[in-house]
Amino acid sequence: MRFSKTFIPTLKEIPSDASIPSHQLMLRAGLMRQLTAGVYAYLPLGYRAMLKAAQILREEMNAIGGQEFHFPALNPESLWIQTNRRHIPNLILSIKERDLVLAPTHEEVVGWIASMHIQSYKDLPQIWYQIQTKFRNEPRPRSGVLRGRQFIMKDSYSLDATWEGLDERYQMHAEAYRRVFTRCGLDFFVVGASSGAMGGSGSQEFMVDSENGEDTVARCKQCGYAANLEVATSGLKGIGRIGENKPVEEFSTPNVRTIDELAAFLKTSDERLAKSVVYRHGDTPVLILLAGNDQLNESKLTAALGEGPVRPMDAGDLRNLTGADGGSIGPVGLKGFRIVADKRLEGANGLISGANRNDRHLKNIDLTRDVRLDGYFDLRTVASGEPCPQCEAPLTVTNAIEIGHIFKLGTKYSEALGATFLDENGRTQPIIMGSYGIGIERIIACHIEQSHDEHGIIWNKALAPFAVHIIAASMNNKETVLTANQLYRAFSEAGIETLFDDRSSVTAGVKFKDADLLGMPFQIIVGERGLREKKVEMKRRATGERTQVPVDDVLMTLKSLLAEKPALS
RNA sequence: CGGGGCGUGGCGCAGUCCGGCUAGCGCGCUUGGUUCGGGACCAAGAGGCCGGGGGUUCGAAUCCCCCCGCCCCGACCA
């Protein structure tokens, strides 16, 4: 395309609303503009990049037998009431004038179609996918395109007759996703994840390391263990039992509120101090016991307690129910609470915990003797440096951006929607589903996060809006214009996507700056200087390396460079 | 939803505390000329309900009240 006829509004200065590199560059390079919080208009250059990602997705989805659909974004509200997802907090945006909602995902629609037309095990398995705009009632959009209220997603759904089939479809997706992200040139990794409100039996996330990510993951460099902090575990040992088992004894702890204060007061480590944290699970008060100063992990707590909302108990309720304040709560003699403990406390004795009287604690607590527990669960949050659960090497905890998520859903949605089939024995069974998503904008933004410098974007060949950027240094020089035009035509005829900066209104300097900002993999600079020797300059954006190439050889040279396959990771 | 910041030509900002001439600066834009390989120069221009509403005042971008929008931190995150 000719630059002079293409809408590429570049910005010299950094827009004040953008704080992370990908956001700044997507605006500066004219890929997109923000309409309102979390909603972006994609301009020609940005949309081209997104189409590149979408095409890769199509190819890889088709390769595993996926069939492309286009489901409606407008859904009847009733469909979401049927699956009990209408009122999940911060999920659905709705239409005021009708009982319609904007779909945040498409399990419901898939289930609806399947319920009508999948009748026999012979109709299964199926992989249905689409690339479509999703809407979400995001409370706080942020980081440019990384968390928006409207975004484009490749979502696919597998339908199976057996659990083994689901495993197979899930595995196929995992592999397809690896190929997709590899082809996109992303440096990514896979973590075990929580299935959260989606339900289901297993899930993994595809992650990109980034300080600007809002997910936190624990990883082991030695054995490759990786998990979202929501589910990550560590090899930290339980605190076990100690020899003497004295009777429980109350003692005074004036003004002690936190575990650290208690440890300081007692002049001991926090090892045998049991921290009590108080929550509500629906209407049920719950006391959670943790070893020392371990941090409660709410995702794990939610999973352990089962269906229903989980939230911290407010201070007033706590006082009414226990007669004490936060720092003095404990499990012994506590009435009306469900009590759960972290696994590190399994069978422990000799513990110190709150006495349910302000400024008083109890010592010599034996969980097996003194407390009516509802069980031990893994409830703590892993911290950096703790031993890996698989190999004991220290774990590192870092931020990451989620670019894909795969779920084994099971039968939750098919049951709610009546999506069943007849098995070989003529029995009605719910279809076993999986769902799999990849955010298109996130692919683009993550690539830019991973591939830019102080001058601009550095596109890889797979996602670049154009493979080549021809710069006519001067449009006043006949020879330059002629050669640049010839090359542009030759490249185009050879099927090489080319952006030709043919602007006569700006100086060469502006074109060079824009070319670096836009970041196409190869720049071909046509100018008087080189043409005296019948040469043009070829610059690799990634390395800055420049070479003089005879005009007659440029096409061939480019072709071979563009054919180079990136190393598969 | 809690905390913080911001809102002034297309973009980036100053002016707001302490009210006062015609609301400034840089970039961009238009026209003419000179330049022409790393964001050129000269000259002349265009472009503003100072986020919105209400109030105080002789007088409001500036003070007071209400509202809206955007960004950041937290809560939340299919």
Side-chain angles (χ1 to χ4, degrees), chain A residues 9-20 23-24 27-28 30 33-39 80 83-93 101-108 134-144 146-149 151 153 155 193-200 203 205 212-216 228-230 298-299 302 309-312 401-402 405-407 409 412-413 435-437 439 455-456 471-477 480-481 501 503-517 523 525-532 536-537 539 544 546:
Chain A
T10 59
L11 260 23
K12 202 188 295 192
E13 285 174 291
I14 299 171
S16 59
D17 278 350
S19 54
I20 67 170
H23 189 193
Q24 295 173 350
L27 293 170
R28 287 191 56 212
R33 286 295 180 265
Q34 179 173 3
L35 181 61
T36 182
V39 180
W80 291 79
T83 55
N84 206 21
R85 288 213 288 181
R86 174 63 186 95
H87 297 291
I88 292 178
N90 303 329
L91 178 61
I92 292 182
L93 284 168
V101 298
L102 291 165
T105 172
H106 280 82
E107 283 80 11
E108 276 73 4
K134 297 284 190 289
F135 300 88
R136 182 155 181 201
N137 188 16
E138 198 56 61
R140 180 152 98 80
R142 70 186 109 171
S143 305
L146 287 180
R147 182 158 290 275
R149 294 209 167 105
F151 51 94
M153 193 168 168
D155 48 326
S194 151
S195 5
M198 291 293 284
S203 101
E205 289 165 322
N212 296 314
E214 45 189 351
D215 281 283
T216 314
N228 194 305
L229 215 60
E230 291 174 348
E298 287 195 17
S299 306
T302 304
V310 170
R311 60 179 197 283
I401 300 168
E402 177 191 345
H405 201 158
I406 56 180
F407 294 92
L409 290 178
K412 175 175 169 179
Y413 298 95
S435 91
Y436 317 88
H455 303 295
I471 296 165
S474 163
M475 292 300 283
N476 295 325
N477 179 273
T480 301
V481 173
D501 196 340
R503 289 176 294 176
S504 49
S505 56
V506 298
T507 58
V510 171
K511 294 186 181 184
F512 294 139
K513 290 290 183 189
D514 271 348
D516 286 346
L517 175 60
Q523 295 172 16
I525 300 154
V526 185
E528 264 181 277
R529 240 194 238 169
L531 288 180
R532 283 197 284 266
V536 296
E537 184 175 313
K539 175 178 164 183
R546 298 153 184 271

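Proteins get letters first, then strands, A, B, ... in listed order; numbering begins at 1 in each. Atoms considered below: every heavy atom in the structure, side chains included; atoms not considered: hydrogens, waters and symmetry mates.
A distance of about 44 Å separates the P atoms of rC77(B) and rC18(B), rounded to the whole Å. Going from the P atom of rG52(B) to that of rC42(B) covers 35 Å, rounded to whole Å. For the P atoms, the distance linking rG28(B) with rC11(B) amounts to 15 Å, nearest Å. Rounded to the nearest Å, the gap between the C1' atom of rG51(B) and that of rG7(B) is 6 Å. Using atom C1' as the reference point in both rA61(B) and rG24(B), the two lie 12 Å apart (nearest Å). Distance noted for atom C1' between rA23(B) and rU30(B): 23 Å (whole Å). Only the P atoms considered, rA60(B) is 36 Å distant from rC72(B), to the nearest whole Å. Nucleotides rG4(B) and rG10(B), compared at atom C1', are 29 Å apart to the nearest Å.
Here rC76(B) is the nucleotide among rC76(B), rG37(B), rG12(B) with the atom lying nearest to any side-chain atom of P139(A). Distances from the side chain of K513(A) to the nucleotides rC70(B), rG12(B), rG38(B) place rG38(B) closest. Comparing rC72(B), rA40(B), rC77(B) by their closest approach to the side chain of E214(A) singles out rC77(B). Listed nucleotides: rC71(B), rG39(B), rG37(B). Nearest to the side chain of F512(A): rG37(B). The K12(A) side chain lies nearest to rG39(B) when the options are rC72(B), rG39(B), rC70(B). The E537(A) side chain lies nearest to rG37(B) when the options are rG37(B), rG39(B), rC36(B). With rC70(B), rC36(B), rC73(B) as the choices, the nucleotide that has an atom nearest any side-chain atom of S474(A) turns out to be rC36(B). Counting only heavy atoms from C-beta on, D514(A) has its side chain closest to rG39(B) among rG37(B), rG39(B), rC76(B).
Within 4.0 Å (heavy atoms only), S203(A) reaches no atom of the nucleic acid at all. Contacts of N477(A) with the nucleic acid, taken as non-hydrogen atoms under 4.0 Å apart, are absent. Across all strands shown, P89(A) has no heavy atoms under 4.0 Å from either base or sugar-phosphate atoms. Note on T507(A): a base of the nucleic acid sits closer than 4.0 angstrom, heavy atoms only.
At rG12(B), one or more side-chain N or O atoms of S16(A) fall inside 4.0 Å of OP1 or OP2 (strictly under the cut-off).
Remark: L91(A) CG to R86(A) CZ distance equals 9.0 Å, nearest 0.5 Å.
Using modelled atom types, one finds no donor on one side chain facing an acceptor on the other under 3.5 Å when comparing N228(A) with E402(A).
With E205(A) contributing its side chain and A193(A) its backbone, the two residues share no donor-acceptor pair below 3.5 Å. For K511(A) (side chain) and R503(A) (main-chain N/O), a donor-acceptor pair under 3.5 Å exists by modelled atom type. Put simply, the side chain of R136(A) never gets that close to the backbone of I92(A): no donor and acceptor are under 3.5 Å apart.
Spacing between atom CG of L146(A) and atom P of rC72(B) amounts to 10 Å, rounded to whole angstrom units. Residue D501(A) contributes atom CG, which lies 15 Å from atom P of rG39(B) at whole-angstrom precision. One can place CZ of R147(A) at 13 Å from C1' of rA75(B), the figure rounded to the nearest angstrom. Between the CD atom of E13(A) and the C1' atom of rG26(B) there is a distance of 7 Å, rounded to whole Å. Here rC72(B) presents its P atom at 12 Å from CD of E138(A), a figure rounded to the nearest Å. One can place CZ of R503(A) at 15 Å from C1' of rG37(B), the figure rounded to the nearest angstrom.
A donor N or O paired with an acceptor N or O is found under 3.5 Å between the base of rC76(B) and the side-chain atoms of R142(A). Donor-acceptor pairing under 3.5 Å, judged by distance alone, is absent between the side chain of E528(A) and the base of rG37(B). Not a single donor-acceptor pair, N or O on each side, falls under 3.5 Å between the base of rG12(B) and the side chain of R28(A). The base of rC70(B) has none of its N or O atoms less than 3.5 Å from a complementary donor or acceptor on the side chain of D17(A).
Salt-bridge annotation for E537(A) and R529(A): absent, with no side-chain N of the basic residue lying under 4.0 Å from a carboxylate O of the acidic one.
Look at rC25(B): its Watson-Crick or wobble partner, with both distances under 3.5 angstrom, is rG12(B).
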With salt bridge (charged side-chain N to carboxylate O under 4.0 Å, His left out) as the test, would you mind laying out the steps for D516(A) and K539(A) before giving the verdict? CA-CA 10 Å; D516(A) 286 346; K539(A) 175 178 164 183; 2.9 Å; yes
